[in-house]
Number of protein chains: 2
Amino acid sequence: MSAIPVLRPVSLDRLRTACSNCGLKELCLPVGLTPDEMARIDSLIGTRRTLKKGAHLYRSGEPFEALHAIRTGFFKTTVLLEDGRDQVTGFQMSGELLGLDGIGSEKHTCDAMALEDSEVCVIPYASLETLSREVHTLQHHFHKVLSREIVRDHGVMMLLGSMRAEERLAAFLVNLSQRFTSRGYSPSEFYLRMTREEIGSYLGLKLETVSRVFSRFQDEGTIAVQQKHIRIIDIPRLKQLIGQRPC
Amino acid sequence: MSAIPVLRPVSLDRLRTACSNCGLKELCLPVGLTPDEMARIDSLIGTRRTLKKGAHLYRSGEPFEALHAIRTGFFKTTVLLEDGRDQVTGFQMSGELLGLDGIGSEKHTCDAMALEDSEVCVIPYASLETLSREVHTLQHHFHKVLSREIVRDHGVMMLLGSMRAEERLAAFLVNLSQRFTSRGYSPSEFYLRMTREEIGSYLGLKLETVSRVFSRFQDEGTIAVQQKHIRIIDIPRLKQLIGQRPC
DNA sequence: CGGGGCGCTTGATCCAGGTCAACGGGTTCC
DNA sequence: GGAACCCGTTGACCTGGATCAAGCGCCCCG
């Protein structure tokens, strides 16, 4: 890396929003970039946006212009049918990208709502395409992010199409646990940011069923639930439930 | 477009596999390219591959090296759980791309099987990344293809998570009808390439339920079924069924 | 600090779709 | 061309999760 650094005036705001200073860079879009490449992608982030709990980041039908990387907070995305029925398609946490669904039609195709006070980085999509033509690593990683979203969706399809209620909830908890772990939080103890109804919508179950299965898990000593506070006591048991050998 | 054409020796085989000669170019990856750009992407297609009905194009776990564009034929993709349960994640027809799920992990994450004798174009993935850095239109379109796959998956999640059996089958038939139409076939009359069991797996239903709902549709005069031959009599009725709650 | 409402739990009952079983027609492969 | 098998249909019955209903507790807001 023998590039000669070019000194340019840098605003404080630019520094504040820079990917190179971000604690999530190993989780987010800049994964695997050299310091040199990192400097170039710093220019990607236009602005930051903060959202109060319950606020929409975007809604279905709005023009798509930018992706959003979650810096802090927690989101849900939902699609809806004309008759009012809706379905949660995912829960997103820090370091994850929102808005990939909008690229295809240049319009958002789902709603994204903050489930707690949150902050996101705005990544203008046109800039991302331009920069990813120049920085191969970025291009490659962006494709991977898109592809992994497809694989994740296949997992949800599997879950919705061929698992029973207990298995779905077990898979859901194990998934949350793993994602919290990779963010440095406890694998076994966390607060759910979403309601039973939202969990049910995501898993194709009614809220009563979610509640009942949680209670059953608790009776069996697999987890301890108190409202939104979850403590997983027996992770291997949960993994075993979803047909995975407990590692 | 004032590029000076460069004459190069072109093998017959190259000509045969060229995108620019392909009847599907308006449906497949080269959508919207100028003749100039089209000439460049002709080099993308490495080879063609033919598959007998029942043959696997790839299997889960195999290293991912190339995408596959379907030239003729019909495929299904399935994911499977350790315990043997599997789930059909999609049915693909001519002009559609197979293998997008493999980019993220550099391994295939599902099985792709030909449901009739088929032919695919092999698109080495490394070449596609390289070329899409040079041809913006290709890059942009490829991103759209990835994004649309995500949106399609959201649709399936909606279907699996909040629709009843009749609605799922109606949505399935309408979707097939539209895709056949855009390929120049009849919107109302076609052969199903998949079994009742495969349809059921895709829709999260058992094969008996699929059969029963088809029979019910037939009794109501909405469709005419005879084994794999389907004739849709009342498309508006099917569309009306989608997104309507009985109560 | 007290009231109201939302979110959660739990019980009773119902029903869509699953399961089991029998059969018949079509396709495929010797 | 015939046998075996897969595939599809249909009936009878069962059940997991939905629906309906009631009550409770936590949290927010005034």
Rounded to whole Å, please give me the gap between [atom1] in [X] and [atom2] in [N].
X: His229(A); N: dG7(C); atom1: NE2; atom2: C1'; result: 18 Å
X: Arg168(A); N: dG17(D); atom1: CZ; atom2: P; result: 7 Å
X: Leu169(A); N: dG17(D); atom1: CG; atom2: P; result: 10 Å
X: Ile230(A); N: dT9(C); atom1: CD1; atom2: C1'; result: 14 Å
X: Glu116(A); N: dC28(D); atom1: CD; atom2: P; result: 13 Å
X: Arg85(A); N: dA18(D); atom1: CZ; atom2: P; result: 14 Å
X: Met163(A); N: dG17(D); atom1: CE; atom2: C1'; result: 17 Å
X: Lys52(A); N: dC28(D); atom1: NZ; atom2: P; result: 13 Å

Salt bridge check, Arg85(A) against Glu167(B): does any charged N sit closer than 4.0 Å to a carboxylate O?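 Salt bridge between Glu167(B) and Arg85(A), a charged N being under 4.0 Å from a carboxylate O: yes.
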
In terms of side-chain geometry, is the basic nitrogen of Glu96(A) or Arg183(A) positioned less than 4.0 Å from the acidic oxygen of its partner?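 Yes, charged N to carboxylate O under 4.0 Å.
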
Using a cut-off of strictly less than 4.0 Å between a heavy atom of the residue and any atom of DNA chain C, enumerate the qualifying residues of residues 195-219 of chain B by number.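 Contacts with DNA chain C under 4.0 Å: Gly204(B), Leu205(B), Lys206(B), Glu208(B), Thr209(B), Arg212(B).
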
Could you check Gln226(A) against Arg164(A) and say which one's nearest nucleotide on DNA chain C is further toward the 5' end?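 So the residue in question is Gln226(A).
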
Does Val79(A) reach the side chain of Ser60(A), with side-chain heavy atoms less than 4.5 Å apart?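 With C-beta onward as the side chain, the pair stays apart.
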
A side-chain contact here means heavy atoms from C-beta on lying under 4.5 Å apart; do Met157(B) and Val88(A) qualify?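 No, their side chains stay 4.5 Å or more apart.
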
5' precedence on DNA chain D between Glu166(A) and Gln227(A) (nearest-nucleotide basis):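 Whichever sits nearer the 5' end wins; that is Glu166(A).
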
When you measure from the side-chain N and O atoms of Lys228(A) to the phosphate of dC8(C), is any distance below 4.0 Å, counting only OP1 and OP2?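 It does, given that an N or O in the side chain of Lys228(A) lies less than 4.0 Å from OP1 or OP2 of dC8(C).
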
Among the nucleotides dT9(D), dT28(C), dG16(D), which one has an atom lying closest to any side-chain atom of Val225(B)?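 Comparing dT9(D), dT28(C), dG16(D) against the side chain of Val225(B), the answer is dT9(D).
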
Please determine which of Ile232(B), Thr181(B), Leu176(B) meets the side chain to side chain contact (heavy atoms under 4.5 Å, CB included) test together with Pro187(B).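 Answer after filtering Ile232(B), Thr181(B), Leu176(B): Thr181(B).
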
Does anything in residues 77-123 of chain B pair up under ring-ring contact (aromatic ring centres under 6.0 Å, His included), and if so which pairs, sequence neighbours excluded?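 Sorted pair list: Tyr58(B)-His108(B), Phe64(B)-His108(B), Phe91(B)-Tyr202(B).
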
Looking at residues at least two apart in the chain, or sitting in another chain, which of them share a ring-ring contact (aromatic ring centres under 6.0 Å, His included) with Phe180(A)?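 Only Phe190(A) meet the ring-ring contact (aromatic ring centres under 6.0 Å, His included) criterion with Phe180(A).
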
